Amino acid sequence: MTAPARTRSTAELIRAEEPVLAHNYHPLPVVVARAEGTWVEDVEGRRYLDMLAGYSALNFGHRNPVLIEAAHRQLDRLTLTSRAFHNDQLAEFAQSLAELTGLDMVLPMNTGAEAVESAVKVARKWAYEVKGVPADRATIVVAAGNFHGRTTTIVSFSTDETARAGFGPFTPGFRIVPYNDLAALEAAVDETTAAVLIEPIQGEAGVVIPDEGYLTGVRELTRRAGCLFVADEIQSGLGRTGRTLAVEHEGVLPDALLLGKALGGGIVPVSAVVARREVLGVLRPGEHGSTFGGNPLAAAVGSAVVGLLKTGHFQLRAAELGVVLRDGLTSLVGKGVVGFRSRGLWAGVDVDPAIGTGREISERLMAEGILVKDTHGSTIRLAPPLTITEEELRSALGALEKVLAA
Ligand SMILES: *Cc1c(COP(=O)(O)O)cnc(C)c1O
């Protein structure tokens, strides 16, 4: 008889990570062992309401049954081919994603950073081949406060010193302008500009929402200047803001969209560049690729994600519950909240620094059974799965009120 496997405690598991795991994160002291829907359970059997949802990678909840079923079905048939061969899942994925976004072509990748990297390459190639920018002179204009990922090229145009320090030399060819400033953007764009790359809402910066008219202005300016508008919707897209895409709030369609996070349904990493034919059409065999990009498991899950979004159900939930979230936060202004920004089920909440740092607030919320993540300073981010019930959302707001009052 073998003794039953002894489950290791939270403290033991955290201590075991210490010497062997790179310290590039500072997680809350909770060790998650299982999850379902909006709830996660730790190794001690404590349950928490997940108000972060994997930075929006879990928009459809943990282990969404439709997505798990699609993944299981595919796991039993075919998981990986590489792009050396065709697989029977990819056409539908690309077709459905193009149709969902109103664009023409799809470049499947895996992580968000890869989608951004791919867009940088494609925009440069488009600038040389279509726009006629002289060789190696292409520029890409980005916004201060951006978060587009962690690769060397991407941190080259970050304004976050923690993300950059010690990682140079950096990739040239980027111009940084203030976010939400059309005049600065206009001044930075010239005949060398391949693209303007921005987040329609800056997530990591603390859910920073530009003024009404900014996205329309970016669309008009880029069209006039003859450069591409590339929108990084990796966090803002796929239902989070109450629409399929955050750019829809101003009714604009960029030349290229970057999608990731929720596109993998919380199961596998799936990202994509989705663009007009003229843009992605610049790529020819051998010029770009990925061993895992467009693999059949990813494509099957991605198609199922698009299927969920096609119903409009999750966008509607985000819009309706977004009102509950906004009203709840409004009532906390002056009671520990100094300000907040929200759209759909997504909020950046600035807590009075006298009450605590974002980290401290997150730890106190954890003790109340609510998992959140600070962004920086005393700002916390709320981004629950779009499957959250109104009752669960109200209980999370109640816990926040309690923590702020303590
Ligand atoms: C998370 C994120 C990325 C990077 O995605 P990874 O999958 O972590 O590489 C890029 N852009 C935005 C807006 C993001 O939120």
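When a ligand or atom number is given, it counts from 1 through the structure's own listing order. Source: prediction; values computed, not measured.
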Self-check item: Pairing of Glu191 and Lys131 as salt bridge, 4.0 angstrom limit
Solution: no
Quiz prompt | Nitrogen or oxygen atoms of Val116 and ligand 1 under 3.5 Å apart | solution = no
Quiz item: When you check the side-chain N and O atoms of Glu12 and Ser9, is any donor under 3.5 Å from an acceptor?
Solution: yes
Practice problem: Give the residue, atom name and distance (to 0.1 Å) of the protein heavy atom nearest atom 14 (C) of ligand 1. | Solution: Lys261 NZ, 2.9 Å
Quiz item: Given side chains that start at C-beta, do those of Leu325 and Leu382 come closer than 4.5 Å, heavy atoms only?
Solution: yes
Exercise. Using protein heavy atoms only, decide if any is under 4.0 Å from atom 6 (P) of ligand 1.
Key: yes
Quiz item: Considering only the protein, which heavy-atom contact is closest to atom 11 (N) of ligand 1, and what is its distance?
Solution: Asp232 OD2, 2.7 Å
Quiz item: Is the shortest distance from a heavy atom of Tyr55 to ligand 1 less than 4.0 Å?
Solution: no
Self-check item: Element-labelled atoms of ligand 1 that are located less than 4.0 Å from some non-hydrogen atom of Phe147
Solution: 1 (C), 2 (C), 3 (C), 11 (N), 12 (C), 13 (C), 14 (C)
Quiz prompt | Polar proximity ligand 1 side, Ala113 side, N/O cut 3.5 Å exclusive | solution = yes
Quiz item: What about Phe157 and Phe170, are their ring centers closer than 6.0 Å?
Solution: no
Practice problem: Would you please test Asp350 and Thr379 for side-chain hydrogen bond (donor to acceptor under 3.5 Å, both in side chains) and show each step? | Solution: CA-CA 4 Å; Asp350 304 327; Thr379 301; 2.7 Å; yes
